[in-house]
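Accompanying notes for the structure given below.
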Amino acid sequence: MKKKIAMLLGATMLMGAVLTGCGSETASNKPLVYAVEAGSAGEAVAQEKGFEYNSVAAQADALMEVASGTSDAAIIDLLMAGAMIGEGTSYPNLTLGEELTKEEYGIGCRKGSDLVSYINAVLAESYADGSMLEIAKKYGVHESLLEQAACEYTAAAESDVAYIQGKGTLIVGITDFKPMDYPGENGEWIGFDADMARKVAEKLGVEAEFIVIDWDNKAMELDSKNIDVVWNGMTLTDEVKAAMDCTNAYCNNAQVVVVPAE
């Protein structure tokens with residue numbers, strides 16, 4: 001999949017020139033309408049650039065909007081685009097347009113949570129022993145991995161880690177976001193993030209439980225303890241880092257425009 005992403009990125013120079021030449025307008029001189037996931041980095045980019053947009057529940061829904069003609073284009077994560085559009089995918093008639101940002105993924109926990117330190121330690125250990133790379137290769141995101149510095153877990157006086165161990169589950173807030181979190185053939189959640197979350201749960205001695213959340217309300221879900229962690233290809237924006245404590249970045253990404261293929 002990563003080779004495909006590189007090929008898609010190679011096309012962004014031409015497509016970017018086309019979009020720039022149009023001034024973000026259709027052939028009839030009407031402004032392009034972009035589909036974006038509510039509360040996402042894609043929505044933030046659309047707002048920043050003054051685009052006209054429709055907010056939808058998930059990035060997969062944004063692709064459906066373009067495929068159905070309800071929206072002219074979508075703004076989604078590059079890693080998702082590599083898995084979901086083009087030949088041999090769910091959306092063979094969609095293609096990559098302009099790359100709008102460069103960004104990094106991180107994992108979100110409650111403010112003051114020592115789970116951040118615990119996850120950072122597991123990420124560092126998994127990167128060092130090669131198991132993180134093997135999981136990344138399984139889902140085609142290995143070339144986007146970021147090196148993890150050595151990290152040791154430091155427990156807090158009011159420990160979130162102890163709370164999670166006491167109840168026996170690590171509740172992971174997600175959306176349907178291939179290749180990070182998505183349902184497999186038997187309905188079990190799989191993906192790079194899902195597998196890494198299970199790895200952390202195993203280290204904690206608990207079970208991982210995955211709950212689909214409203215992405216726009218992810219901080220509220222954490223604060224109310226409906227979930228313990230947001231682990232779903234989450235871009236480390238200033239807004240996200242102000243709303244929750246976040247782990248070290250573990251993966252590169254970008255926000256890209258997706259349009260119908262000519």
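Heavy atoms only: backbone and side chains are in, while hydrogens, waters and symmetry mates are out. Predicted model, so just to flag it, every value in this text is computed and none were measured.
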Is a side-chain donor or acceptor of T247 paired with a backbone partner of I107 at a separation under 3.5 angstrom?
yes
Answer yes if L100 and V36 sit in the same cluster of Ile, Leu, Val, Met, Phe, Trp and Tyr residues linked by side chain heavy atoms under 4.5 Å apart, and no otherwise.
yes
Spell out, yes or no, whether Y105 and V229 are grouped together once hydrophobic residues are joined by side-chain heavy atoms under 4.5 Å, including indirect joins.
yes
Checking one residue: V56. Which other hydrophobic residues are in its cluster under the side-chain 4.5 Å linking rule?
none
Is there a path of hydrophobic side-chain contacts, each under 4.5 Å between heavy atoms, that joins V212 and V172?
yes
Please report the shortest heavy-atom distance between C151 and S117, naming the atom on each side.
SG-O, 4.2 Å
Beyond-backbone contact of L63 with M84, side-chain heavy atoms, under 4.5 angstrom
yes
Check against side chain to side chain donor-acceptor pair (under 3.5 Å), T237 and E239
CA-CA 5 Å; T237 63; E239 182 181 7; 5.0 Å; no
Any sub-3.5 Å donor-acceptor pair from N226's side-chain atoms to E221's backbone N or O?
no
E207 with R198: basic N within carboxylate O range, under 4.0 Å
no
At their closest point, which heavy atom of S71 faces which heavy atom of N54, and how far apart are they?
OG-ND2, 3.1 Å
Rounded to the nearest 0.5 Å, the CD atom of E52 sits from the CG atom of L32 at a distance of 9.0 Å
Quick one: do L96 and L78 satisfy side chain to side chain contact (heavy atoms under 4.5 Å, CB included)? Show the steps, please.
CA-CA 9 Å; L96 194 68; L78 174 62; 4.2 Å; yes
If the threshold is 4.0 Å, N to carboxylate O, is there a salt bridge linking K178 and D77?
no
Report yes or no: does K218 contribute a side-chain atom to a donor-acceptor pair with the main-chain N or O of W215 at less than 3.5 Å?
yes
For a 4.5 angstrom cut-off between non-hydrogen side-chain atoms, does L145 reach L133?
yes
CG/D228 to SG/C109 distance, rounded to the nearest 0.5 angstrom?
8.5 Å
Aromatic plane relationship, Y34 with F51 - under 30° parallel, 30 to 60° tilted, over 60° perpendicular:
parallel
Spell out, as yes or no, whether a donor-acceptor pair under 3.5 Å connects the side chain of T175 to the backbone of A58.
no
Determine whether the side chains of Q59 and S40 contain a donor N or O and an acceptor N or O closer than 3.5 Å.
no
Please give me the minimum heavy-atom distance between A46 and I75, naming the atom from each residue.
CB-CD1, 4.1 Å
Are I135 and M196 close enough that some pair of their side-chain heavy atoms sits under 4.5 Å apart?
yes
Look at the side-chain heavy atoms of Ile, Leu, Val, Met, Phe, Trp and Tyr, link any pair under 4.5 Å apart, and say whether V240 and I76 land in one connected group.
no
Within the 4.5 Å heavy-atom criterion, are D61 and E37 side-chain neighbours or not?
no
Looking only at side chains, do Y182 and D176 share a donor and an acceptor under 3.5 Å apart?
no
Side chains of L79 and S144: closer than 4.5 Å at any heavy-atom pair?
yes
Measuring from atom CD1 of I174 to atom CG of N232, what distance do you get when rounded to the nearest 0.5 angstrom?
6.0 Å
Identify the heavy atoms of A62 and A74 that sit nearest to each other, and give their distance.
O-CB, 3.8 Å
Answer yes or no: is there a side-chain heavy-atom contact under 4.5 Å between Y153 and V161?
yes
Side chain to side chain contact (heavy atoms under 4.5 Å, CB included) between Y163 and E158, worked out:
CA-CA 9 Å; Y163 160 73; E158 295 185 13; over 6 Å; no
Closest approach of S55 and E43, non-hydrogen atoms and distance?
OG-OE2, 2.6 Å
Donor-acceptor pair, Q165 side chain versus V206 backbone, under 3.5 Å?
no
First locate atom OG of S224, then atom CG of N217, and finally report the distance between them rounded to the nearest 0.5 Å.
9.5 Å
pair M234-M180: side-chain heavy atoms closer than 4.5 Å
no
Side-chain H-bond candidate by donor/acceptor type, D245 with S113, under 3.5 Å:
no
Is D223 salt-bridged to R110, going by a charged N under 4.0 Å from an acidic O?
no
Minimum side-chain heavy-atom gap Y53-V33 below 4.5 Å:
no
Assess the side chains of S68 and T70: does a donor N or O sit below 3.5 Å from an acceptor N or O?
yes
Kindly state each residue pair satisfying salt bridge (charged side-chain N to carboxylate O under 4.0 Å, His left out) with at least one member in residues 229-238, sequence neighbours excluded.
none
How many angstroms lie between CG in D160 and CG in L170, if you round to the nearest 0.5 Å?
9.5 Å
Out of F210, Y139, Y250, which residue meets the side chain to side chain contact (heavy atoms under 4.5 Å, CB included) rule with D193?
Y250
Kindly indicate, with the supporting measurements, whether the criterion side chain to side chain contact (heavy atoms under 4.5 Å, CB included) is fulfilled by E104 and C251.
CA-CA 6 Å; E104 295 175 335; C251 200; over 6 Å; no
Test side chain to side chain contact (heavy atoms under 4.5 Å, CB included) applied to D72 and V259, step by step:
CA-CA 7 Å; D72 301 308; V259 294; over 6 Å; no
After noting the C-alpha distance and the side-chain angles of Q255 and T101, does the key distance pass the side chain to side chain donor-acceptor pair (under 3.5 Å) rule?
CA-CA 5 Å; Q255 292 302 306; T101 66; 5.1 Å; no
Evaluate whether atom CD of E202 has more than 12 neighbouring non-hydrogen atoms of other residues, nucleotides or ligands under 6.0 angstrom away.
no
First locate atom CG of N93, then atom CD of E87, and finally report the distance between them rounded to the nearest 0.5 Å.
11.0 Å
Can I211 be reached from M244 by stepping across I, L, V, M, F, W or Y side chains whose heavy atoms are under 4.5 Å apart?
yes
Quick one: closest heavy-atom pair of V257 and A73, and the distance?
CG1-CB, 3.9 Å
